[in-house]
Every structure is written in C-alpha cells, then in structure tokens.
Asker: 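Right, I'll just put the structure down here and ask away after.
So you know, we letter chains A, B, ... as the sequences are listed, proteins then strands, and number each from 1.
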Amino acid sequence: MLKILANIGKNLISKPYTSNYPFTPYQHFPGVRADVTFDGTKCILCGLCQRSCPAECILIHKEQEQIEYLNTQCIRCGYCVRVCPTNAISQNEVYTKPSRQRLTVYTKVTNENAPVIKKRMAAEAAKKAAAEKPATAGTGPAKPAGEKKVDEKKTSA
Amino acid sequence: MKTTIQFGPQHPVWVEPLRLKLTMDGEIVKDCELEAGFCHRGLEKKFEWDYNKGAYLSERICGICTQHHSTCYCTAVEGTMGLEIPRRAAVIRTIMLELERLHSHLLAIGLTLESIGFENLFMLCFRNREIVLDMFERTTGNRVLHGINIVGGVIRNIGPEMAKELEDFCDIMEKRCLDLKDMILKSYTIRERMQGVGVMSEQLARDLCVVGPVARGSNVPYDIRAVAPYVLYNEIKVKPIVETSGDCWARSVVRVRELFQSIDIIRQCIPLLADAGEDIFAKSKTLPEKEYFTRVEAPRGELFYYAKGKKSKEMDRIKVRTSTYGNGPGFVPLIKGSHLADVGLITITFDPCIGCFDR
Amino acid sequence: MITLDDPIIWKIAFPAVMLILAPIIGGLLIGIDRKLTARLQNRAGPPIVQPFYDVLKLFGKEDKIVNKTYLVFAVAYLLTVVLSTGLLLFHYDLLVITFMFGLSFIFLVLAGYSVRSQFSYVGSNRELLQMLTYEPILLLVVFLDRLVTGSFQIDAIWSFTEPAKTEPLLYTLPLALLALFLILPIQLRKSPYDIAEAHQEIAQGPVTEYTGKFLGLVTIAHFYEVFFVLWFIGLYFVQNWAVRIGLMALAFLFSIVIDNVTARLRVDQMIRQVYIIGLLLIIVNLAYILITGKWIA
C-alpha cells in the first residue's frame, strides 16, 4: 500500500507519459518496417514478389508493364524485399497515414532488361521494319495491323 | 430466484468473444456453460500453401504470442526438411521468445488487475509493457507482429550496439518489475480479492491437463522449456516456477515471478551473441516431405504444431493445438460455486486469448 | 438596503445561488477528479470541463427507450437528489435530508429492476446491499449529531455550544467524521466500494439501459450527489469558511487517493469491513461523548 502511495506521488510530479496523439505524432525508431516502394528502372517483371506475398497485395501486369501495389492490404512483412532478385523493392521507414481511399500505387516499369519489355521492343522494332517496307511498296494500312496481332500472340505464348 | 446471465460474447472484462452461460442463485454461480468458436477463421486449412508464407500466417493466430507461434511453425517445417538453423539465429529467436513472454505476462497481469478494478496498477503494467514494445520496434522493426522468423532462420540480426541496448533494457526493466512486484505482493485489497478464489487443486489440474502458468500455479512443474528443450534451452537451464496454492493469487504470482526469469534468460543469451557465427539464415536444399511436430512454451502454456509435407512447396497439413485451447475446460469447474464478481477474475487469470482458442 | 449581515442573504439568497451552482460545482469536481486520477496514473487526462461536454453530447443523442417506467425513475432520481441538496442548503431537518438522499438511491434501484436486463438486476441487488451497508452508519452519525446538538435541525450546529458559534462539530465528533469518510467511496461510487457499478463485472449496473437524454439526467444527478456529499461533510466545521472548504477538499482528495491505491472488493467483504470499522468508530465516539458529558438530549 505504501509503495503504491509513493508511486502515485511520483507519477503526480513527473511528466505525463501519454502524448497528445494526433497533434504530436508518434516518433518511430530507425529501422521500422513500413510500406514498400518499387523501382521501375530495376524491376524485370519476373513476378516472384507476387507469388511470395502472403497478403497477395502485389499484382504484376505484364501486358501493361506495371506493378499494382495495394497499400492498405499490405502487412509490411518485408518478404518481397528478400525474394526480389534485382533489389528493385525497398522498404520505407515512414508509416502510411490512415486514409479512406484504397491507396493503390501503380509503378510503370521502364527497365529495358526485363524479358517482357525486351520482347516487346524486339517486336516493335520488327514491326517498324515491316512497316517501313510496305510503306515504300505503297500497300494499304490493313496489312501492318494483321502483323501486329500475330506478334502479340507470339509474345503472350 | 434462479436467473441466467449471458456473460459474453461481448463483455467489458474480455476484449474477445467468448460466451459463458451462468445460472445464478443470487450472487453465487450455480452452473456454467462454455461456448466458444465466435472467431473461428479456418487458419489450419489456409496453412496448406507456400511454407514461407505460413510463417507470417502463423503469427496472426494470436497477436500476443506471435513470436512463439512463428518459432514453433518454423521449427516444425525445418524438421520436415531436416534443416538445422544457424546458431546466431537460434540465439536471436530465444531472445525474442523471452521478450515476447515479458510483454505477454505484463499484459496478463495488467488485465487481471483491471478486472478487479485496480486502474492505477493496470496503467503501470501497460506502461512497462510499452517499453518492451519499443524494444521490439528497435530490434525487429514492428511492435506487435514482428515478422522476424522465416523457415531457415531469422531476417534481422542483432548487432553489438543492439546487444548493448538490450542489456540496458534489461536493467531498466528489472527495476520496474521489482517495483511492480512490491506493489502487487504487498497490496492488501488485491490479496483480499485474489487469495482463496478459484482454487484449482493439483489433482484437478492433472486431470484436466491444464498447461502453462495455470498448471504451475497448482503445483504441477510442467514447463516445456525444461521438459523438452527447444532452440537454445538445452544450454540455458530453466527451472519451472511453481506456486502451491492454486488460486488466482498463485497464478498471478507465477506470472510476476516469470518476468524475472525471462529477464534473466535474456541476460544469459546476450553474451552468446558475441561468439556465434555471422550467419542468420540457412537456405534449404530440400522441400518438406516428412512429418514433424514441435512443442514450445508460449506465455499461456504448451503450444503444439504438427507439420506434414508432400514434397512440394505447399504443405500437406498443419495442425495447431494452442495453450488456451488446453486451458479452456479448466475454468468451468472453478466458476461453479464462485461469486459473480469473481467470474471475470477467474477467467482472466487463465489468460484467455480467444484468437488462439478458436483459430 | 440589504447588507451582507442581513439574515435574508444567508437564509435565502445564498442557498438559492448555491443550489443553482451545485451541478456546475459537482461537474467541475468530477472533471478535476478525472484529471487528477489521470495524473496519478501518469496520463495526460481529459480537460476539466470534460463532464459537461459528455452531458451536452448525451443530450444531443437519440433516445432508445426501453420502457416508460425506466424514464420516470430517472427523473425521480434526479428530482430527489436535487430536493435533498436543496433541503441541505436551506437548513432543513437533518434526518429528513438523510432519508431523502436514501430515497434517491431507492429510485435508482427501482429503475434497475424495471427493465429486463440481467446486469441491471444484479446491479440493483448490489445497490440495495450497498444501501444496507452505508445507511445505518449514516443514520448513526446523524443520530450522534443530534445527541450533541440537541436537535435534528441544521441550525442547531451553529448554536449548540453556550457562547454560540465557537466550538465546531469536529471537536466533539472526530470519529463520526472518520466513519463518514469510510462510507464516502460508496456514495461517490469509487473504488474499493464501487460494487454496484463494477463495469468489469456487470456493465454499468442499474443504469446499464439508459441512453441519450436520460443518461444525461442520471449524470447530472451524480453531479448533485458529489456536491451533496461534500457539503454534508462541510457541516463538521461551520464556524470558519476556510477550514470548512479545506475539510471538503480533504474528503475529496481522500476519495481520489483511496480510489487509486485499492482494488474493488466483493460485497461480503465490503459489508464486513464497513460494519466492523464504522460501528467501532461510532461506539468509541459515543463513549467519548458520554464520558465528557457533552450529551445534550
């Protein structure tokens, strides 16, 4: 009983431990794990992060060449950072503020070494080369369109 | 006049859904029926996927003993693959396990005090717990769901500076826990409320197979750390803390004394970090194919994981038997014949974590 | 021309003003209590006017009416508490005041019994047991007052000694005051004797089912209660305003500190403790009065 009395006396003269939360934000320690960001210049669109994510919050769209990241669904485990073969994913140290939106982040991949992009560039180059030829020959615009379709099928296969 | 009281599923004394159907005679409980399963999530079925993701899933079974769940899962899966984790990873896991026990026990003591209306010490317990959570944020990067364990080791190292910080933390924590112990053990009203309430005899404890602090409060020296040592408990000898009286007071005192045991274990582990190798992760060369089981002493008692692989990345079966599930039937015979005022206290001293209970 | 010494000021105007100010003072006291409790627990705590914000918010809320009897009892509870405070301020009969204050608790108990909620039933049962515990002590204290002053009238406290207005009640009845301090946590609904409103066990006790405006009325009644209890203790030193207010503040601080260093007890433990210690204090005080010959009646 006396010990508790001494303790409440000590509490009374010391500063309150709680903080006025929304006005004085909580200070995180260094090394805290928050949401992740994707580096579009390094990603090769391999899809390993999508397969290894426990919360299924990463979606790789190979056709659109972009990464869809569902921020609010992410559990901040950091496993995608571990599995990424090109270190394209980095984990932030600042928490995302609460929000009413879904906070979906799209990242456009611009890495030229990505296999998907390589193929598309090759196809585009071929198409360009093919388009230049008929243009000199003077044929109609229907033919290149047909060729493009074939190319797309090839890339998807 | 006989009345029936629905104690739960939503009741101020528990944060989680559990229902007790109490048949009352005035203030005395005549009969008690336990009903659980309000937050069944079907997690055991979900475990049949990539074993690496399972480590994160197992943390989410229970928010208070995450580290124990994930360590138990990882050890079980490593067993199916015959994988030996590096020594440094084992030391880090042990430190984290004891830190987790520290904060879980502080929470349990705080809630016990709150259930008998002692708001002041409840706040003190939670303030002390905040220091442990801060330490978790320093070391693992997260406060509650640490996500530090993966199959094959851990993902964060504890460097020399962090080890120094841990030592300081141990000193601060020990001082605060000593204060707390003095306040709890010497308070007249707490003793008046807890002593002789909800007595579980040694025979009853053995019959119902209760585990953890509940069993140890009833003079059953059953501690997995001593009975079947795992990670690093082969080297660090743990002597089970036992109280004889078996009432709510004994269960709480076991928790208070285990705080010091945990601090002591962390102190013993820190020097081991210096001469352990630098590896914290061992890559597996095989896929899980055998079956294996692990037992871990969680803050609430024995935790059991059974794992079976099928030579693929997906697991075949994971069976979880949590400590609260083992303790669940224990409080029904104690509540019969007690006061209504003591129902909340008796259940809280069992530390009911319904997230574990239902899975 | 009315001067400050005019009896009209002290007999009518001052009590009327105090009756109007009573809920404000009571609310502020609860606000201070919450702030101080928070500081004793090392928290920042709410602002001091928080109870008024709460009441205002309650009055803006939608009512979920369980049955009409329940509402009538809420109003009756408030009115009896206001009436007993008024009687105390206007210097009426002390015995009537005590019973009127007891009646307010009875209305609360009836309110608890009038709804079909198990928590209300248990809360009302406990409220009755609490009444059973504190009413005998309170009545015996009042009876001791009457023995010393020779009358149940409050005015007699001023004039019971021969050279009028010299000796305060505190010097003759110190242990009776201690007995009042003992039942203070019951009346202010604080730990260790906040058994009827033990929210960890039975939600909010008799007031579990109140919502909106009617919960607001019950809260205002509680403001009056706090004021009433402290003013009652102030009667023990009416000769000096500074000492009188100091005595009230002491009782208030005592209840806060006791709230913070104790756990809630069970009903049987409460009855045992309060009866044994309270009756012992009163008997010793009675013996003191008898021996020193301060017995007037």
Asker: Determine the minimum heavy-atom distance between A:Arg76 and B:Asn142, stating which atoms define it.
Answerer: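 Smallest heavy-atom distance, with atoms named: O-ND2, 3.8 Å.
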Asker: Looking at side-chain heavy atoms only, is the closest gap between A:Ile75 and B:Glu59 below 4.5 Å?
Answerer: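 No - every pair of side-chain heavy atoms lies 4.5 Å or more apart.
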Asker: Who wins among B:Asp50, B:Leu121, B:Ile150 for the most heavy-atom pairs under 4.5 Å with chain A?
Answerer: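 Going by pairs under 4.5 Å, I would pick B:Ile150.
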Asker: Specify which of B:Leu57, B:Ile155, B:Ile184 makes the most heavy-atom pairs with chain A at under 4.5 Å.
Answerer: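 When all of B:Leu57, B:Ile155, B:Ile184 are compared, B:Ile155 has the most.
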Asker: May I ask you to check whether over 12 heavy atoms, not counting those of A:Lys118, lie within 6.0 Å of atom NZ?
Answerer: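 At most 12 heavy atoms, drawn from other residues, nucleotides or ligands, come within 6.0 Å of this atom.
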Asker: Please check if the number of heavy atoms outside A:Lys108 that lie under 6.0 Å from its NZ is greater than 12.
Answerer: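 Enclosed.
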Asker: Could you measure the distance from the OH atom of A:Tyr79 to the CG atom of B:Asn52? Nearest 0.5 Å is fine.
Answerer: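 Reported to 0.5 Å precision, the distance equals 3.0 Å.
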Asker: Under 6.0 Å from the CD atom of A:Gln73, do we count more than 12 heavy atoms belonging to anything else shown?
Answerer: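 Counting neighbours around CD of A:Gln73, more than 12 heavy atoms of other residues, nucleotides or ligands fall under 6.0 Å, so yes.
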Asker: Side chain from CB out, backbone as N, CA, C, O: work out which of these in B:Thr140 comes under 4.5 Å of a heavy atom of chain A, or both, or neither.
Answerer: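 For B:Thr140, the contact with chain A is made by the backbone alone.
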Asker: Would you indicate whether A:Tyr21, at its atom OH, is surrounded by more than 12 heavy atoms from other residues, nucleotides or ligands within a distance under 6.0 Å?
Answerer: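 Not buried by this count: 12 neighbours or fewer within 6.0 Å.
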Asker: Look at A:Gln91, A:His28, A:Arg82 and state which one has the largest set of heavy-atom pairs under 4.5 Å with chain B.
Answerer: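 The option with the most such pairs is A:Arg82.
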Asker: Could you report the tightest heavy-atom contact between A:Pro54 and B:Trp49, atom names first, then the distance?
Answerer: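 What the structure gives for the nearest pair is O-CH2, 3.3 Å.
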Asker: Heavy-atom count check: over 12 atoms from other residues, nucleotides or ligands less than 6.0 Å from B:Lys186 NZ?
Answerer: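 Not buried by this count: 12 neighbours or fewer within 6.0 Å.
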Asker: If you measure from CD on A:Gln27 to CG on B:Asp134, what distance do you get to the nearest 0.5 Å?
Answerer: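 Rounded to the nearest 0.5 Å, the CD-CG separation comes to 12.0 Å.
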Asker: With a 4.5 angstrom heavy-atom cut-off, which part of B:Phe136 approaches chain A: side chain, backbone, both or neither?
Answerer: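 Neither the backbone nor the side chain of B:Phe136 comes within 4.5 Å of chain A.
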Asker: Of all of B:Met123, B:Arg60, B:Glu130, which one pairs up most often with chain A through heavy atoms under 4.5 Å apart?
Answerer: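 The option with the most such pairs is B:Arg60.
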Asker: Are side-chain heavy atoms of B:Lys313 and A:Arg51 found at a separation under 4.5 Å?
Answerer: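 Not touching, per the 4.5 Å side-chain cut-off.
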Asker: Do you know which two heavy atoms are closest between B:Ser187 and A:Ile4, and how far apart they sit?
Answerer: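 In this case the closest contact between B:Ser187 and A:Ile4 is CB-CD1, 4.1 Å.
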Asker: Closest approach of B:Glu137 and A:Phe29, non-hydrogen atoms and distance?
Answerer: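 Residues B:Glu137 and A:Phe29, closest heavy atoms: OE2-N, 3.5 Å.
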